[in-house]
Amino acid sequence: MQENYDPAAVEAAAQRHWQEHDTFRASEDPARPKYYCLSMFPYPSGRLHMGHVRNYTIGDVISRFMRMQGCNVLQPMGWDAFGLPAENAAIANGVPPAKWTHDNIATMKRQLKTLGFGLDWSRELATCLPSYYRWNQWLFLRMLERGIAYKRTGTVNWDPVDQTVLANEQVIDGRGWRTGAPVEKRNIPMYYLGITAYAEELLAALDRLDGWPERVRTMQANWIGRSEGVNIAFPYRLGEERRLLRVFTTRADTLLGVSFVAIAAEHPLAAHAAASNRALAEFVEECKRGSIMEADLATMEKKGMPTGLTVGHPLTGAQLPVWVGNYVLMAYGEGALMGVPGHDERDWAFAKKYGLPILPVIDVGGRPYSTDAWQPWYADHGRCVRSGRYDGLDYAAATHRIAADLEAQGLGKLQVQWRLRDWGISRQRYWGCPIPIIHCERCGDVPVPDEQLPVLLPEDLVPDGSGNPLAKSAAFVNCTCPGCGRPARRETDTMDTFVDSSWYFLRYASADNERAMVDARVGYWLPVDQYVGGIEHAILHLLYARFWTRVMRDVGLVTLDEPFAKLLTQGMVRNSIFLRRPAAGRLVYYNPADVEVLTDASGSPLGARLKSDGGPVESGGIGTMSKSRNNGVDPQAIIDRFGADTARLFMMFAAPPDLSLDWSDEAAEGMFRFLKRLWKEVYVHVTSGEPVRLDPPALAAAAKELRRLAHQTLAKVTDDFGRRRTFNTAIAAVMELLNAVHGFDEEGPQARAVVHEALEIAVLTLSPVTPHLAHALWRELGHERAVIDEPWPRPDPAALVQDAIELVVQVNGKLRGRVTVPAAASDGEVRAAALADPQVRRFVGGQSVRKVIVVAGKLVNVVV
RNA sequence: GCGAAAGUGGCGGAAUUGGUAGACGCGCUGGAUUUAGGAUCCAGUGGGGCAACCCGUGAGGGUUCGAGUCCCUCCUUUCGCACCA
């Protein structure tokens, strides 16, 4: 055996073994329980980053653990290969997105292989390949047939200089990223998928997703946002015609407190009023400036302008002014709201600003009300006052009575309203899946016939940042109408990349099928048993995938509702931020690798300086690794320095998987030291002779104690890996075991046999995390079979038995002593032993013992 | 603004069901060894105190024999907000 740990050689040898034995190719085997472990596929951005390493290490540890547990494990990999960065790279470097993407895939695939992940590469897919995206188009056509997909107008960010639709990401402080021109909103026709038709089911099924983190379920439920309320119509006259302005409200009980109605700038009535009102037209135009991001809309200054129109109160007939308000969302409810300044904080602020009446109509348990200042309880539920026949009714009663009265007049009804909006999938971009529609002057929008699929995306275009290159490509645009055979124009919008990622997990099960989107093998592998990915996908991607799976179910392609049985949302990877503030200009960020942190004698930081010039740099705290803050660490550098196993071990040890993880060069080096120690420990053991067969009853006390620790560690690691998914504590337990082996100085054959067993347990339990090192050490410990093919061991119950246990004794809840009692001692004996302890007697002194609480196996609390 | 989390030594974190706060690792201090080392090994390391002990889990209240853990109020940080993926 080599005396020193050489990660490069060890890792190459293990990877060669897996390659030669095709270890990770999965096939359907009804005889074994299947286990589908899936990590979110990467966007091929160039190189692997630490977030990928973390994600795929978690998935790989679970996969290898489940495999050793006897499962038929599938762990596939693919590429989320369409998207904006490829177009940005094309604009910057003039390289076609296809080439850039394929080069990146090659690089990242090579990197994934050096990390030793147990992936079945035979199922690899990339969403930018026609063999994949043709099925996006095919299912889109099925959705169109069923009315799930439909066309209507939607709002986009518009750069008036580049004449281009901008992604939210391309809008910086309300301006286009390349032109700096103020962004405008623009309404254009788009295709939508009717996810709201599935809202009820998507919400209800969350309750049964008990393998998902509670926080993700809550976030999805809030996103879907079911609210029960009343749709209320305010009648008005337009010329001779009687019309209704509809609003949705969850507070119908405050209807008698309405003092105005506010509509969105995009509301048809606003356009009508603006036609004859120059100031209003300007205000509506002003509202159309700025981005479409909800966070921007919600934080901007609340502004409004009267339209000059009035509507009638549906119960009293009183005339109420109609205002245009920039805080009214066209996308929610009816794009209009009833203003109740007395009981809604935003309406309050609006009324104060524009001098509209504030009418309190709810009594909240008699708490004071003054129109001077808003108090949080004004929005609470209570009983109606100053509301005529509704006075005294509580929230539910008032809502139902008012809804019934409105319904009798045809002016309202109870309604369930969703916050969730239908999914707009049209993107005015090149590098995506073409939407299979042909526009014909005579036949209108004609779906591309199935036999003409896929609509191929040309791969040789180079975008320049203005407009969509597809729209400028005559070869792509010009086509023949499938209906009438005349010249027609192809749709040039492509699909949202979330479409691609909404079903890739199904395709892995039948990746080689060229005739169908999915086949019967989906029934074997799905659902995904364990899905692993970033918390940033907690809402959108996961919700779209749940929706898409249900659509495929309703089309008859699959039989499952929920694609992901268990979900693990891993936290972000962060690093220190260092910067300087030049007298003029922007902040300059320095990579932590180029900075030296100065500490005092206790290790507390005093400051930091740049290694290159020795000058001070400012600490900017700690934040997610990003290019803009220059605090990224290239995983390749760590692999080159310490090997993949160290990188993997650090990722699993430094934090529990669902919390954010802070990078530390020193801590990574500590992981490397641990692996060197483990190697050394095995080396010392195997070079000092052959082990004899272990004879547990013959063990001396210290050896028995070491054996107990080894089996206790095995039990803990099994639980931590399998149930708790707290890999950090599992690794800590193995470290403790190794420390105990190191400190164990008994000699003799049986002592050696116990050490041998402890080292085997350490190697087996670490093997999912550091598979290369474990592969080598398992051989050195005398095993023919590769460690990946070993079954996961079970702790020996006999080894776990303890004769005596130590209990903690508290007096009035404070730790005052410890007593050792036989493991089988009764509560009475434990109590007596605790009271007899000299330290306990000292603290009890002359006081009378009021109560003694005995917690079996743990502690005794003496209350005096 | 809305929604969701998190806050424990110098740092990452542990404490699994309300029961020993600080496991494990980093850093730091001292020592050994070494030509030397940023290598390796040994010991120590929450704060205060000579000690007995006292204090201590973002802040402030509460429940309990007992609270890092449960409840209320507040503060800070992170993530998401529908065209980044």
Side-chain angles (χ1 to χ4, degrees), chain A residues 40 42-43 45 80 82-85 154 156-157 165-171 213 215-216 218-219 221-223 225 292-300 327 331 346 419-421 423-429 496-498 501 534-541 543-544 571-572 574 597 599-605 621-624 650 653-656 658-671 673-674 676-677 680 716 719-720 723-724 726 728-729 731-736 739 806-810 812-815 818 850-853 855 858-864:
Chain A
M40 289 179 186
Y43 178 78
S45 54
D80 188 12
F82 274 139
L84 202 50
V156 294
N157 301 307
V165 175
L166 296 177
N168 283 338
E169 188 189 53
Q170 296 171 318
V171 178
R215 64 188 284 209
V216 175
T218 308
M219 283 160 85
N222 288 335
W223 185 265
I292 58 171
M293 289 170 73
E294 193 166 313
D296 290 346
L297 296 173
T299 49
M300 68 192 182
Y327 70 107
R346 285 174 310 175
R419 206 189 75 95
L420 182 67
R421 310 200 287 260
W423 175 14
I425 59 158
S426 294
R427 298 290 180 270
Q428 298 68 42
R429 266 181 250 303
D496 181 4
T497 56
F498 272 123
S501 55
I535 182 68
E536 67 274 20
H537 294 293
I539 297 176
L540 288 180
H541 161 61
L543 190 62
Y544 290 147
M572 315 292 277
R574 312 190 305 170
V597 176
T599 61
D600 67 10
S602 70
S604 307
I622 200 155
T624 315
F650 174 80
F653 179 70
D658 55 330
L659 294 188
S660 62
L661 176 149
D662 296 347
W663 179 260
S664 156
D665 272 354
E666 291 85 359
E669 203 167 333
M671 295 302 99
R673 267 203 296 271
F674 167 71
K676 282 194 288 188
R677 276 203 304 275
K680 191 74 166 231
K716 176 166 176 57
D719 188 46
D720 284 355
R723 180 182 63 90
R724 297 179 68 209
T726 51
N728 54 329
T729 55
I731 294 163
V734 180
M735 288 174 170
E736 281 188 79
N739 289 344
E806 189 183 60
L807 298 183
V808 164
V809 187
Q810 299 178 331
N812 284 349
K814 291 197 185 230
L815 176 65
R818 291 161 199 275
R850 271 179 42 214
K851 193 151 66 159
V852 178
I853 292 149
V855 182
K858 283 211 169 134
L859 63 66
V860 181
N861 189 13
V862 180
V863 186
V864 299

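Quick note on labels: first sequence line is chain A, next is B, and so on, each numbered from 1.
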Would you tell me if any nitrogen or oxygen in the side chain of [X] comes within less than 4.0 Å of OP1 or OP2 on [N]?
X      : N      : value
A/T497 : B/rC84 : no
A/N739 : B/rA23 : no
A/N728 : B/rG13 : no
A/K676 : B/rU40 : yes
A/K814 : B/rC55 : yes

Please classify the nucleic acid contact of [X] as base, sugar-phosphate, or nothing, using heavy-atom distances under 4.0 Å.
X      : answer
A/L166 : base
A/D658 : nothing
A/L807 : nothing
A/W223 : base
A/H537 : base
A/L84  : sugar-phosphate
A/A732 : base

Considering only the [atom1] atoms, how many Å lie between [N] and [M], rounded to the nearest integer?
N      : M      : atom1 : value
B/rU34 : B/rU45 : P     : 28 Å
B/rG9  : B/rG48 : P     : 15 Å
B/rA32 : B/rA23 : C1'   : 28 Å

Among the candidates [options], find the nucleotide nearest to the side-chain atoms of [X].
X      : options                : result
A/M572 : B/rC84, B/rC79, B/rG1  : B/rC79
A/T624 : B/rU78, B/rC65, B/rG19 : B/rU78
A/N222 : B/rC81, B/rG3, B/rG13  : B/rG3
A/R724 : B/rC24, B/rG13, B/rU16 : B/rU16
A/R429 : B/rA23, B/rC83, B/rU78 : B/rC83

When you measure only distances, ignoring hydrogens and angles, does the side chain of [X] come within 3.5 Å of the base of [N] through a donor and an acceptor?
X      : N      : value
A/R673 : B/rU40 : no
A/N168 : B/rC83 : no
A/K716 : B/rU16 : yes

With syn defined as a glycosidic angle within 90 degrees of 0 and anti as anything else, the base of B/rG9 is syn

Between the protein and nucleotides 9-11 of chain B, list the N/O to N/O atom pairs that are separated by less than 3.5 angstrom.
residue	atom	partner	partner atom	Å
B/rG10	O4'	A/S604	OG	3.0

A/T726 side chain to A/T729 backbone, donor-acceptor under 3.5 Å: no

Can A/D80 and A/S501 be counted as having a side-chain donor-acceptor contact under 3.5 angstrom? no

